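For reference, the structure discussed in these notes is given below.
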Amino acid sequence: DDEHRLRALFEMATDGIITMGERGVIETANRAACELFGYTIGELRGQKVNMLMPEHDRKHHDEYLARYQRTRVPHIIGIGREVTGRCKDGREFPLRLAVSEVKLEGGTLYTGILHDLSEFHLARKRVEDLN
Ligand code: HEM
C-alpha cells in the first residue's frame, strides 16, 4: 500500500533524510543518514541534531532555530548550504544541506536532506593538484 511504498522510498533514498521538531530533536532518520554519521537509528532518535555537527555549529544551532522562528528570515530553508558534518568517530566531512519546513497540527516539522560531498571534494582537489 501507499504507506509501505513511502517508507521504502524514505529508507532506500541514497541521500540522508532527517526530520526534527522545532527544538531540533530528531524524530526520524533514514538508513543513508545513519550510515553517513555512523550511528544507529536508536542512537539518533530523540537526540538533538546538534550532535551531528562540529563544535561551533553544535553550540549555536539552537540559536539558529530560535532566530528563524522569531524573524522568519531563512538562511538555509529554501536556499541550501554546504556545511560540515561530524561522525560518531569524530571524522568531519562536507555535505550539502537542504532544509524544508512543514506546519502540522502537532507543530512544525523540519526535514533535512543531506548529500555527502566527500567524493566531490576529493575529485576537485585532484584536479587542482594537476595545475
Ligand atoms: C540553520 C548548520 C543540520 C535545520 C542552520 C544554520 C547553520 C546550520 C550554520 C544557520 C545558517 C545561518 O544563520 O546563516 C547545520 C549543520 C548541520 C545541520 C552543520 C549538520 C548536520 C540540520 C538538519 C536540519 C536543520 C538535519 C533539519 C532536519 C535547520 C533550520 C535552521 C538551520 C530549520 C534555521 C532556518 C534557516 O536558517 O533557514 N543550520 N545544520 N539543520 N538548520 Fe541546520
Side-chain angles (χ1 to χ4, degrees):
D1 57 47
D2 284 358
E3 166 86 35
H4 280 96
R5 295 173 69 93
L6 277 175
R7 178 141 291 281
L9 243 137
F10 172 77
E11 270 312 318
M12 297 315 293
T14 51
D15 280 352
I17 307 177
I18 295 174
T19 69
M20 66 180 204
E22 36 205 313
R23 297 276 165 259
V25 175
I26 297 171
E27 293 185 0
T28 55
N30 69 350
R31 184 176 310 184
C34 294
E35 282 170 5
L36 219 42
F37 292 95
Y39 289 103
T40 64
I41 181 61
E43 290 173 313
L44 290 181
R45 193 179 281 133
Q47 302 299 314
K48 302 269 298 264
V49 74
N50 309 42
M51 74 191 278
L52 304 176
M53 307 165 196
E55 184 71 17
H56 181 81
D57 283 334
R58 180 184 301 218
K59 269 217 299 266
H60 294 286
H61 204 262
D62 287 10
E63 295 158 34
Y64 301 154
L65 297 181
R67 186 185 54 197
Y68 171 68
Q69 286 154 14
R70 191 172 64 244
T71 65
R72 307 305 294 171
V73 178
H75 291 87
I76 292 192
I77 293 175
I79 302 162
R81 174 82 63 92
E82 186 177 327
V83 298
T84 302
R86 189 179 192 279
C87 304
K88 184 178 182 177
D89 66 10
R91 196 177 56 84
E92 298 185 0
F93 67 101
L95 61 96
R96 176 86 195 167
L97 172 66
V99 177
S100 60
E101 180 182 35
V102 198
K103 299 266 184 193
L104 300 172
E105 291 144 67
T108 303
L109 188 73
Y110 296 106
T111 302
I113 299 195
L114 304 95
H115 182 78
D116 188 357
L117 292 175
S118 304
E119 290 297 325
F120 176 73
H121 275 228
L122 279 175
R124 189 173 57 192
K125 189 176 181 310
R126 280 199 295 272
V127 171
E128 282 166 4
D129 288 348
L130 291 175
N131 301 322

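Order of listing sets the numbers, starting from 1, for every ligand and every atom in it. Please read all numbers here as calculations on a predicted model, not as lab measurements.
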Side-chain donor or acceptor of [X] paired with backbone N/O of [Y] under 3.5 Å:
{"X": "T19", "Y": "T28", "result": "yes"}
{"X": "E35", "Y": "A32", "result": "no"}
{"X": "Q69", "Y": "E22", "result": "yes"}
{"X": "N30", "Y": "D15", "result": "yes"}

Q.
Could you measure the distance from the CG atom of D116 to the CZ atom of R96? Nearest 0.5 Å is fine.
A. 14.0 Å

Q: Quick one: look up the protein heavy atom nearest atom 37 (O) of ligand 1 and list residue, atom name and how far away it is.
A: H75 N, 3.2 Å

**Q.** Identity and distance of the protein heavy atom lying nearest atom 4 (C) of ligand 1
**A.** M20 CE, 3.4 Å

Q: May I ask you to list the residues sharing a hydrophobic cluster with L44, side-chain cutoff 4.5 Å, ordered by chain and number?
A: I18, M20, I26, L36, F37, Y39, V49, M51, L52, M53, L65, Y68, I76, I77, V83, F93, L95, L97, V99, Y110, L114

Q) Which atom names give the shortest non-hydrogen contact between H56 and H60, and what distance separates them? A) O-CD2, 3.0 Å

Q | Contact check, R67 vs ligand 1, heavy-atom distance below 4.0 Å | A | yes

**Q.** Contacts of atom 43 (Fe) of ligand 1 with protein N/O/S atoms, counting only those under 2.8 Å
**A.** H61 NE2

**Q.** Numbered atoms and elements of ligand 1 in range of P74, under 4.0 angstrom, heavy atoms
**A.** 38 (O)

Q. Hey, are the side chains of H61 and K48 touching, using non-hydrogen atoms and a 4.5 Å cut-off?
A. no

Q) Between the candidates I17, I18, L114, which shows the shortest non-hydrogen contact distance to atom 28 (C) of ligand 1? A) I18

Q) Where does Y68 meet ligand 1, judged by heavy-atom distances below 4.0 Å: at the side chain, the backbone, both, or neither? A) side chain

Q: Looking only at distances, please establish whether an N/O atom of ligand 1 is found under 3.5 Å from an N/O atom of T19.
A: no

